[in-house]
Enquirer: 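Below is a structure I'd like to ask you about.
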Amino acid sequence: MCGIIGYVGPQGAQKVLVDALRRMEYRGYDSAGIALVGPDGIASAKKAGKLVNLESELAASPIKDANLGIGHTRWATHGAPSDANAHPHVSANGRVALIHNGIIENFASLKAELVAEGVPFKSETDSEVAAQMLGREVERGASLADALRAVSRRLEGAFTLVAVDADDTGTLVASRRNSPLVVGVGEGEMFVASDVAAFIEHTREAVEMGQDEVVEVTASGYRVTDFRGNETQGKPYHVDWDLSAAEKGGFDWFMRKEIHEQPQAVADTLLGRFDADRRLTLDEVRISEAELRTIDKIVIVACGTAFYAGLVAKYAIEHWTRVPCEVEIASEFRYRDPIITGRTLVVTISQSGETADTLMAVRHAREQGAKVIAICNTNGSTIPRESDAVLYTHAGPEIGVASTKGFLTQVAACYLLGLYLAQVRGTKYGDEIATIMRELESMPAKIQKVLDAQQQVLDLAAELVDSKTVLFLGRHVGYPVALEGALKLKEIAYLHAEGFPAGELKHGPIALVEQDLPVFVIVPPQGRDQLHDKVVSNIQEVRARGARTIVLVEEGDHEVEPYADVLIRLPQASTLLQPLLATVPLQVFACELATLLGHDADQPRNLAKSVTVE
Ligand code: F6R
């Protein structure tokens with residue numbers, strides 16, 4: 001996600017801001033910018049690409065240093081990574097500069113309102129809407145803090161906003177909803193940032209801001225209110241992490257941090273998906289609804305973890321749309337001469353958007369006349385650029401090589417796509433779609449519940465640290481979860497692991513089962529009785545042969561208890577959505593086992609984050 005820094009104090013703000021942006025480079029970004037406020041008003045510089053581009057720009061066209069400023073590294077969500085879309089955004093009247101992290105869900109209607117009033121826009125971002133609204137409020141005579149409270153009340157979605165006023169060289173204001181904001185309290189200087197890594201070299205005294213709060217910051221102090229102006233208190237704390245721990249939010253690995261970011265990441269994937277008429281929308285669609293109605297086959301193409309997300313998607317898409325859906329490994333796709341016509345919809349899934357195998361599949365599919373929808377996490381990357389439509393997962397940069405939040409958000413995005421197609425094709429009623437969406441929106445809190453109970457999984461990893469082989473079994477959507485659990489173990493713990501459809505076991509793999517072999521089993525929710533009972537029988541089959549059964553099962557399901565050596569409880573969810581929960585303990589297990597074995601969980605041997613060769 002975007003990196004945010006604000007500074008007010010005796011130092012030259014330019015260096016403080018650029019140094020802070022460098023400290024947040026680890027988060028991943030595609031453009032950077034700063035704005036300073038001095039006696040002559042706001043001066044800003046922003047550039048697409050790495051920080052070095054911004055530094056070259058500042059060297060070539062210096063701006064006057066000041067004691068107040070804001071800085072930003074952007075991870076593109078709305079609008080490509082470009083100079084114009086980089087932050088800060090300065091309001092058209094020149095009064096306000098603003099930086100933003102998050103997604104403003106209702107930006108389109110707010111923008112239409114401003115455009116109707118004649119406000120000119122310079123970027124394609126949702127963020128500029130907040131800058132323009134703030135500029136308008138301040139021009140009408142509101143203080144910057146009052147203006148930010150008023151604007152924040154009107155915004156929907158997730159945001160951290162930091163703003164400065166051209167007429168005030170001593171104050172910055174910030175607000176937050178569903179997105180992080182922390183205040184750094186120095187000696188005669190203050191900071192606001194998206195994480196403490198940004199200011200840790202200046203101060204270790206921090207204040208965490210609560211939900212829906214605004215903070216007004218000067219060099220000598222800060223004042224916190226809610227969005228209505230009632231005084232509230234931030235939560236002060238002392239930061240005792242070193243810089244490397246601070247970058248990882250206090251976790252030992254980016255992977256672990258990203259596992260813990262999943263409730264927020266999935267919530268962000270689901271944000272802003274409805275238009276004013278409460279109809280689902282995708283991010284960029286260059287395929288007409290009429291064309292989507294003529295589709296007679298869907299082919300999902302992806303690699304690795306993204307392929308497993310596709311396997312989950314097949315169940316949901318076929319169930320909701322009744323259109324046949326195949327899932328294909330991208331590197332196999334074009335070599336088998338797939339049957340693709342103008343009525344085939346190809347869906348690619350890629351976190352990076354640069355995976356060569358998947359890109360080649362996109363090109364092949366389009367050459368054959370198919371329409372291509374990309375599900376992707378990286379705005380402006382090659383695969384979405386070459387596709388007919390895009391659904392971004394908005395998970396924020398994934399730094400750990402093994403995909404975690406990438407997977408969960410891909411699965412969530414696939415559900416959205418399935419529901420979107422059901423809406424367009426009329427295979428589900430609006431209220432049925434709304435019910436499923438409500439369940440989806442309840443999933444982040446349930447994922448958090450799984451994470452809150454992770455100690456049991458950490459202990460289990462310690463207990464199983466000497467294992468040589470681990471098996472994973474599942475049926476229906478539990479099968480791809482089993483595959484993903486096994487892949488995570490192979491990748492980062494370098495352990496032999498296999499995922500199987502639970503029913504397939506007796507056709508061969510059961511020969512692998514021996515005394516004390518750990519076997520994870522994902523049990524479907526009880527509502528699907530046949531499916532559920534079959535899996536319970538499969539647990540008995542492996543247990544009878546000496547396996548140590550580790551059973552992931554929903555709360556309230558007591559039927560499996562006699563056959564489980566270890567029970568990992570999952571919050572209740574419908575069968576199709578259960579992968580969003582069942583995958584999480586398997587990620588935690590792999591990460592912990594890798595750690596205990598002394599491996600680098602973030603950079604496993606032989607693997608690259610983005611595989612740009614076929
Ligand atoms: C596994 C993993 C890989 C990727 C695969 C596709 O943890 O990260 O299997 O999922 O290389 O990458 P993207 O999604 O970038 O196309």
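Just so you know, these numbers come straight off a predicted model, no measurement behind them. Read the numbers this way: they start at 1 and go in the same order the structure lists the ligands and their atoms.
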Enquirer: Distance to 0.1 Å, residue and atom name: give those for the protein heavy atom nearest to atom 11 (O) of ligand 1.
Expert: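 Protein heavy atom with the smallest distance to atom 11 (O) of ligand 1: Val611 CG2, 4.3 Å.
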Enquirer: So for Val401, does at least one of its heavy atoms come nearer than 4.0 angstrom to any atom of ligand 1?
Expert: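 So Val401 counts as touching ligand 1.
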Enquirer: Which donor-acceptor pairs under 3.5 Å do the side chains of residues 469-485 make with protein atoms, sequence neighbours left out?
Expert:
unit_1: Thr469; atom_1: OG1; unit_2: His496; atom_2: ND1; d: 3.3
unit_1: Arg475; atom_1: NE; unit_2: Asn538; atom_2: OD1; d: 3.0
unit_1: Arg475; atom_1: NH2; unit_2: Asn538; atom_2: OD1; d: 3.2
unit_1: Glu484; atom_1: OE1; unit_2: Thr305; atom_2: OG1; d: 2.9
unit_1: Glu484; atom_1: OE2; unit_2: Thr305; atom_2: OG1; d: 3.3
unit_1: Glu484; atom_1: OE2; unit_2: Lys488; atom_2: NZ; d: 2.6

Enquirer: Which residues satisfy the salt bridge (charged side-chain N to carboxylate O under 4.0 Å, His left out) test with Arg322, sequence neighbours excluded?
Expert: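 Once residues adjacent in sequence are excluded, Arg322 has no partner under the salt bridge (charged side-chain N to carboxylate O under 4.0 Å, His left out) criterion.
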Enquirer: Looking at Phe254, I'd like to know if the NZ or CZ of Lys248 sits under 6.0 Å from its six-membered ring centre while staying within 45 degrees of the ring's axis.
Expert: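 Cation-pi check for Lys248 and Phe254: passes.
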Enquirer: Taking Glu332 first and then Arg336, would you say they form a salt bridge - that is, a charged N and a carboxylate O separated by under 4.0 Å?
Expert: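 Looking at Glu332 and Arg336, the cut-off is not met.
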Enquirer: I need the nearest protein heavy-atom contact for atom 5 (C) of ligand 1: residue, atom name and distance, please.
Expert: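 Atom 5 (C) of ligand 1 sits closest to the protein heavy atom Cys303 O, 3.5 Å.
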Enquirer: Any sub-3.5 Å donor-acceptor pair from Asp30's side-chain atoms to Gly49's backbone N or O?
Expert: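 Looks like no, no N/O pair under 3.5 Å.
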Enquirer: Are the charged groups of Asp83 and Lys47 less than 4.0 angstrom apart, N to O?
Expert: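 Salt bridge between Asp83 and Lys47, a charged N being under 4.0 Å from a carboxylate O: yes.
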Enquirer: For ligand 1, which atoms sit closer than 4.0 Å to a heavy atom of Ala306?
Expert: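 So the atoms of ligand 1 that pass are 10 (O), 14 (O).
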Enquirer: Considering distance alone, does some N or O of Thr358 sit under 3.5 Å from an N or O of ligand 1?
Expert: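 In this structure, Thr358 places no N or O atom under 3.5 Å from an N or O of ligand 1.
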Enquirer: Taking a cutoff of less than 4.0 Å between a non-hydrogen atom of the residue and any ligand atom, is Lys488 in contact with ligand 1?
Expert: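 Distance cut 4.0 Å: Lys488 passes for ligand 1.
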Enquirer: Give me the nearest non-hydrogen protein atom to atom 3 (C) of ligand 1 as residue plus atom name, then the distance to 0.1 Å.
Expert: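 Answer for atom 3 (C) of ligand 1: Thr305 N, 4.0 Å.
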Enquirer: For ligand 1, which atoms, with element, lie under 4.0 Å from some heavy atom of Gly304?
Expert: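 Under 4.0 Å from Gly304, ligand 1 has these atoms: 9 (O).
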Enquirer: If you have a sec, work out which protein heavy atom is nearest atom 15 (O) of ligand 1 and how many Å separate them, to one decimal?
Expert: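 Going atom by atom, the protein heavy atom closest to atom 15 (O) of ligand 1 ends up being Ser352 OG, 2.6 Å.
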Enquirer: Which label fits Tyr494 and His599: parallel for a plane angle under 30°, tilted from 30 to 60°, or perpendicular past 60°?
Expert: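 Ring orientation, 0 to 90° scale: tilted.
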Enquirer: If you have a sec, work out which protein heavy atom is nearest atom 2 (C) of ligand 1 and how many Å separate them, to one decimal?
Expert: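 Here the closest protein heavy atom is Glu491 OE2, 3.6 Å.
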Enquirer: Of Val588, Ile492, Leu489, Leu460, which is the lone residue that meets side chain to side chain contact (heavy atoms under 4.5 Å, CB included) with Leu593?
Expert: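 For Leu593, the side chain to side chain contact (heavy atoms under 4.5 Å, CB included) test succeeds with only one of Val588, Ile492, Leu489, Leu460, which is Leu489.
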Enquirer: Among all protein heavy atoms, pick the one closest to atom 14 (O) of ligand 1 and tell me residue, atom and distance.
Expert: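 Going by distance alone, atom 14 (O) of ligand 1 is nearest to Gln351 N, 2.6 Å.
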Enquirer: So which heavy atom in the protein is nearest atom 12 (O) of ligand 1, and how far is it from that ligand atom?
Expert: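 Checking every protein heavy atom, the shortest distance to atom 12 (O) of ligand 1 gives Thr355 OG1, 3.5 Å.
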